[in-house]
Amino acid sequence: MAARVQREAFDVTAEVSALTAGRSDIGSVVTFTGLVRGEADGRALRSLTLEHYPDMTEAELLRIDAEARDRFGLLGSLVVHRYGEFEPGDAIVLVVTLSRHRHSAFEAAEFLMDYLKSRAPFWKKEAFADGSERWVDARESDGSALARWTASATQK
Amino acid sequence: MAARVQREAFDVTAEVSALTAGRSDIGSVVTFTGLVRGEADGRALRSLTLEHYPDMTEAELLRIDAEARDRFGLLGSLVVHRYGEFEPGDAIVLVVTLSRHRHSAFEAAEFLMDYLKSRAPFWKKEAFADGSERWVDARESDGSALARWTASATQK
Amino acid sequence: MSDSRTDAAQGQTLTVRYFAWVREKVGCAEEVLEVPVGVATVGDLALWLAARGPQYADAFQRPGVVRAALDKVHVKPAAPIRGAQEVAFFPPVTGG
Amino acid sequence: MSDSRTDAAQGQTLTVRYFAWVREKVGCAEEVLEVPVGVATVGDLALWLAARGPQYADAFQRPGVVRAALDKVHVKPAAPIRGAQEVAFFPPVTGG
């Protein structure tokens with residue numbers, strides 16, 4: 001039931017422990033950690049920079065976190081997104097979903113990630129090993145991943 | 001690419017770090033942690049005991065772990081299952097899946113859990129707050145969860 | 001330019017923020033403006049900025065590409081500026 | 001009882017293990033047996049055990065419920081015992 005935007009690294013065990021401490025109603029904990037990959041479109045990546053709009057980004061993450069909680073009946077959830085400059089292998093995003101039964105925790109975590117990867121107010125700049133840089137364009141495939149949640153809502 | 005059956009607790013961060021250390025090809029890490037819930041069929045649970053068949057259980061977990069890796073093209077995976085007596089809130093199972101892109105990591109983790117919850121060679125005994133005990137019966141709903149993976153394989 | 005009789009914002013002080021390649025092209029992250037005469041909506045402001053110099057023209061040249069937020073809420077170009085503290089211009093978000 | 005001419009296992013030493021409520025009903029976790037005459041398959045062995053006393057009868061009374069493994073591989077009742085080191089009987093697994 002929380003969202004944070006931070007420069008610092010996060011610790012999965014610590015975040016999960018804080019969410020589950022003292023509770024016995026939670027059966028399932030799903031976490032997703034997104035790491036910077038060492039290549040983009042076949043080119044060796046040197047670094048990835050994430051820029052965000054302070055306050056607005058937090059507010060958006062809180063809103064989608066609350067939506068996931070309601071939609072999937074979660075017992076708890078957390079979104080942590082880092083900003084700044086990262087190297088391949090660095091962890092930049094963490095989603096944690098808690099539920100009674102596992103399917104809703106999986107669904108909610110994937111829903112959150114589909115949102116975060118396409119709509120979260122971040123802008124990414126890739127710096128390549130050859131010295132070139134580029135701002136990443138909005139990707140259609142991530143928009144498609146998000147669209148299936150809208151479609152499933154319409155079917156209900 | 002591993003499976004362990006152990007009495008000891010596990011640490012999610014440490015397990016993930018061991019799997020991702022020194023790699024830059026992994027974009028997505030999904031973990032599932034299963035916790036003992038404090039009630040079963042509306043009755044307050046005091047403890048849950050998991051019995052297993054040493055060696056056979058490990059072999060089965062290794063087999064399903066390898067199947068998940070092949071089926072979903074994972075870059076790595078891990079299954080850790082505890083045995084012994086547990087209290088509500090205790091973590092008893094951990095699945096970690098690593099992949100380039102997130103969907104396959106989510107799918108693989110859910111596939112592994114659907115298997116583990118229905119077919120893994122464990123037997124569960126519930127002890128209730130009122131002093132009664134019972135061995136858990138094999139559940140149809142978990143068999144159904146597993147069946148959809150078989151169905152999707154047939155459709156391909 | 002919109003009808004400014006009811007939406008008039010001129011003289012109002014506004015913080016304008018730029019992000020990602022819009023920021024790089026404009027050459028600054030943030031500036032404070034007095035809203036010019038005839039600028040009533042976010043779209044009006046973008047057009048006014050685009051006419052301000054080559055860097056701005058470059059940043060705003062692709063119509064429909066640059067997005068906007070008013071007081072940290074995503075808005076369409078037709079959104080009236082009146083009463084707002086802060087407007088931001090940025091490329092489509094690329095997610096986390 | 002199966003045709004024992006080709007599957008004969010009698011005299012062979014076999015470790016028999018029980019798990020979960022099968023173990024509790026039988027009253028022990030593990031025993032070593034000499035395979036009796038006429039017992040060639042896992043199913044034969046289950047029938048022979050069921051006739052051994054009330055605890056065994058109780059454990060094996062529900063036909064088709066108790067499952068078996070031979071040398072740690074799940075098998076059907078028709079699986080021949082010959083050459084095996086270990087047979088295990090247990091309820092349907094309930095998962096983790």
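As the structure is a computational prediction, the values presented were derived from the model and not from experiment. Numbers restart at 1 for each chain; the letters A, B, ... are given by sequence-line order, proteins then strands.
- More than 12 heavy atoms of other residues, nucleotides or ligands lie within 6.0 Å of CD in B:Glu85, so this atom counts as buried by the packing criterion.
- Of the listed residues (B:Val29, B:Val12, B:Val16), the greatest number of heavy-atom pairs within a distance under 4.5 Å of chain A belongs to B:Val29.
- For the atom pair A:Leu35 CG and B:Ile26 CD1, the distance stands at 6.5 Å (nearest 0.5 Å).
- The contact list for residues 37-52 of chain A toward chain B, using heavy atoms and a distance under 4.5 Å, reads A:Arg37, A:Gly38 by residue number.
- Contact annotation for A:Asp25: only backbone heavy atoms (N, CA, C, O) come within less than 4.5 Å of a heavy atom of chain B.
- The CD atom of A:Glu15 lies 9.0 Å from the OG1 atom of B:Thr13; values are rounded to the nearest 0.5 Å.
- A:Leu116 CG to B:Arg102 CZ: the interatomic distance, rounded to the nearest 0.5 Å, is 9.0 Å.
- Not a single side chain to side chain donor-acceptor pair (under 3.5 Å) links A:Ser28 to another residue, sequence neighbours left out.
- In this structure, CG in B:Asp90 is found 11.0 Å from OG in A:Ser24, a value given to the nearest 0.5 Å.
- With a threshold of 4.5 angstrom between heavy atoms, A:Thr20 approaches chain B through side-chain atoms but not through N, CA, C or O.
- With a 4.5 angstrom heavy-atom cutoff, A:Ala21 does not touch chain B via any of its atoms.
- Of all the listed residues (A:Val95, A:Thr31, A:Thr97, A:Val96), the one sharing the greatest number of non-hydrogen pairs under 4.5 Å with chain B is A:Thr31.
- Note that the CE atom of A:Met113 and the CZ atom of B:Phe106 stand 6.5 Å from one another [nearest 0.5 Å].
- Enclosure of atom CD in B:Glu87 is not indicated, since only 12 or fewer non-hydrogen atoms of other residues, nucleotides or ligands lie within 6.0 angstrom.
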